[in-house]
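Shown next, in structure tokens, is the structure this report addresses.
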Amino acid sequence: MRQSSVRGDRSRRRRRQPDAQELGWDDSLYEETGLPPDAPGWTPPEGSAVPAGDGAGNGDGPDDGGHRKGGGRPRKGKGRKVLRWTALTVAVVIVGAAGAGYWYYEHLNANLRKAPRSLGGGGLKKPEPNAFGQTPLNILLLGSDGRNSKKDIELGGARQDADRKPLADVEMLLHVSADRSNMSVISIPRDTRVTIPQCTDPKTHEVYKQTTAAINQSLQHGGPGCTLATWQELTGVYIDHFMMVDFSGVVDMADAIGGVPVCVDGNVYSHDSKGHGSGLKLTKGTHSVQGVQALQWLRTRYGFEDNSDIGRTKAQHMYMNSMVRQLKANAKLTNPGELRDLAEAATKALTVDDGLNTVTKLYDLGGDLNRVPTKRITMVTMPWVYSPGGEYVLPKPGDAEQTFALLRSDTALDGKDRKKKPAADPKASTPKGQLEVVVQNGTNSTVNGPASGRAKVVQQQLANLGYGAASTTSVLTSQADTTLTYHGADRRGDALAVAKALGLPKSAVRESSSATGMQLVVGNDWRSGATYPKQQDGGKSADKAPESADALNGEDTKACMKVNPQYTF
């Protein structure tokens, strides 16, 4: 099979104690990093947000990396959950459970490293809250392969790369539905070739021009805020927060939490004479891994399936689901000493955006995540295809966009959202000529820039159709999909009539508690023409992730990694 950096893992050292060799090269260790979701129902803490909108070198080497995941097992359900997920909740839990007091709270806050949320310019428009005032929550979980400490170098190897800017080798987007009933987690292979928008380093003020490269390189363009901007540009999903962890952070948190059961369908030893492999060595069956071994599991590429980054992503999903089940099964935090260790490890391991700058906010988020039932957690890998030469991967045409669109519309990837029997569409109640519709240009893409005059073109089309009271606003914004929002159930008939006149699908019509009138935002899916372009699927919206996303449910206890025969013993 072709081998690309998506597939190659570079290890550089051989086993020793938690030495980079055994640990796994630099390939990816971030898995531990913000494990996204054990947590169910994530709700941003007060003032933290529940938002929604805004705006290559591949290689196998130590700098290319693994994927996310963090570890944990616990006995302390709630704390671990968060720890695993946000690694913060634990910190806060400790404060409360151990009665540490204000001084300790401030100590934990000081442990956290903070960085700007987005470095990519204008960004996406936050989606409007639904009719109940609810908004989905999106959190980007990153694993950094930085070697900024002796411990990171020992764990990640590649001593010669100690001064090299870190790569974001583990990248996962955790999406919690507006009603907190389900959670979807999507991973993107580290070597996926994407457009990295122009970003400005917040510390040096260096400007990195827009470029096309492997997505893990976006971290080198100013920090995690540029990776967040890159994801927003690729997916069209507004991302509220990010959390990033490094090598040593993964191990420390895994140790603080305990073991997580994982399964292999045969003996596996991720190591060969060329230095490939994470050093993971397990016999066939189920094992509880923690610390360095957990890191090895999360970083293993050579030894699972086709020795690619894709197989490693699947292993990370299995680990995360198992961790979540462990956390939920052990819901009590009783030992203050263990809680303190967990809080220290969690807060020291994380770099968060400035909207998650306190353990209180992190804790609140973790508690909210816990509301999501395990059976409604779905983990997928972005549908992908190899480039013509096989050196890197690209989003799979059609399927990748379908997956992103589900997140944008807050539709669960498991296809189990409750289906409401369609009621008869209400009739328009306001005469066309008197219906006030404000049209806004939402094509202000960070990468492509705005399509000029879009609001005026569509407003004129509405006037031609009899909606003479339609007007425009000169304020530019950006969002992937065209939407028509209204306030109050009694206005739905009017909104549907406008949508039908313009050729918009019913899914574009949305009731919002914050809407003050009827507003039509012309998105990046309608950058030209007066009539909305016909959709290839006939306007029907998908209701679950495509098969190519390789979905894994949170309650799947039978999942077991397939061992590559070249790495068995």
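Positions are given from 1, in the same order as the sequence printed here.
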Looking at [X] and [Y], does any basic side-chain N land under 4.0 Å from a carboxylate oxygen?
X	Y	result
Glu206	Lys203	no
Lys544	Asp414	no
Arg510	Glu128	no

Measuring from atom [atom1] of [X] to atom [atom2] of [Y], what distance do you get when rounded to the nearest 0.5 angstrom?
X	Y	atom1	atom2	value
Leu173	Met382	CG	CE	12.5 Å
Leu167	Thr227	CG	OG1	9.5 Å
Gln459	Thr473	CD	OG1	12.0 Å
Leu496	Leu484	CG	CG	8.5 Å
Asp191	Leu394	CG	CG	11.0 Å
Lys396	Tyr386	NZ	OH	13.5 Å

May I ask you to test the [X]-[Y] pair for a side-chain heavy-atom distance under 4.5 Å?
X	Y	value
Met320	Met379	yes
Val458	Leu520	yes
Lys562	Phe304	no
Gln440	Val522	no
Thr230	Ile215	yes
Ser513	Asn130	no
Tyr208	Ile196	no
Leu219	Pro224	yes

Test side-chain contact (heavy atoms from CB on, under 4.5 Å) applied to Leu552 and Asn321, Ile377, Val185, the passing residue:
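Passing option: Asn321.
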
Hey, does the side chain of [X] reach the backbone of [Y] with a donor-acceptor pair shorter than 3.5 angstrom?
X	Y	value
Arg408	Thr235	yes
Asn553	Lys375	yes
Asp309	Arg190	yes
Asp201	His205	no
Asp353	Phe242	yes
Arg527	Thr443	yes
Ser177	Asn182	yes
Asn444	Ser478	no
Trp231	Leu234	no
Asp550	Thr381	no

Checking Arg491 against Asp494 for the salt bridge (charged side-chain N to carboxylate O under 4.0 Å, His left out) test, could you report, in this order, the C-alpha distance in whole Å, the side-chain angles of both residues, the deciding distance, and whether it holds? CA-CA 5 Å; Arg491 306 303 304 281; Asp494 292 334; 3.5 Å; yes

Residue pair [X] / [Y]: nearest heavy atoms and the distance that separates them:
X	Y	answer
Gln402	Ala542	NE2-CB, 3.4 Å
Leu119	Gly223	CD1-N, 4.1 Å
Thr192	Pro395	CG2-CD, 3.9 Å
Val237	Phe404	CG2-O, 4.1 Å
Ala213	Gln217	CB-OE1, 3.6 Å
Tyr467	Ala501	CE1-CB, 4.2 Å

Pair Val521, Thr482 - check side-chain contact (heavy atoms from CB on, under 4.5 Å), show working. CA-CA 6 Å; Val521 178; Thr482 296; over 6 Å; no

Quick one about [Y] and [X] (side-chain donor to acceptor, distance below 3.5 Å, no hydrogens or angles considered), yes or no?
X	Y	value
Ser512	Ser514	yes
Asn524	Ser445	no
His175	Asp410	yes

Practice task
Give the C-alpha distance, both sets of side-chain angles, the deciding distance and a yes or no for side chain to side chain donor-acceptor pair (under 3.5 Å) between Asp399 and Ser548.
Solution key: CA-CA 7 Å; Asp399 285 9; Ser548 57; 2.6 Å; yes

What do the steps show when you test Glu305 against Lys314 for salt bridge (charged side-chain N to carboxylate O under 4.0 Å, His left out), and what is the final call?
CA-CA 9 Å; Glu305 301 200 342; Lys314 183 178 293 185; 3.0 Å; yes

Counting heavy atoms not belonging to Lys114, are there more than 12 under 6.0 Å from its NZ?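 Yes, the 6.0 Å shell around NZ holds more than 12 heavy atoms from other groups.
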
**Asked** For Asp425 and Lys506, what are the C-alpha separation, side-chain angles and deciding distance, and is it a salt bridge (charged side-chain N to carboxylate O under 4.0 Å, His left out)?
**Response** CA-CA 10 Å; Asp425 291 336; Lys506 290 183 180 179; 2.6 Å; yes

Audit row: Val447, Gln210, side-chain contact (heavy atoms from CB on, under 4.5 Å) steps and yes/no:
CA-CA 8 Å; Val447 170; Gln210 178 178 313; 3.2 Å; yes

Problem - Candidate pair Asp417 and Asp543, rule side-chain contact (heavy atoms from CB on, under 4.5 Å), full reasoning - result: CA-CA 8 Å; Asp417 278 346; Asp543 61 2; over 6 Å; no

| said: For a salt bridge (charged side-chain N to carboxylate O under 4.0 Å, His left out) check, start with the C-alpha distance between Arg376 and Glu555, then their side-chain angles and the critical distance, and finish with the verdict. | reply: CA-CA 8 Å; Arg376 294 305 310 281; Glu555 287 196 335; over 6 Å; no

Problem - Working for side-chain contact (heavy atoms from CB on, under 4.5 Å), residues Gln461 and Asn464 - result: CA-CA 5 Å; Gln461 175 68 356; Asn464 295 339; 3.9 Å; yes

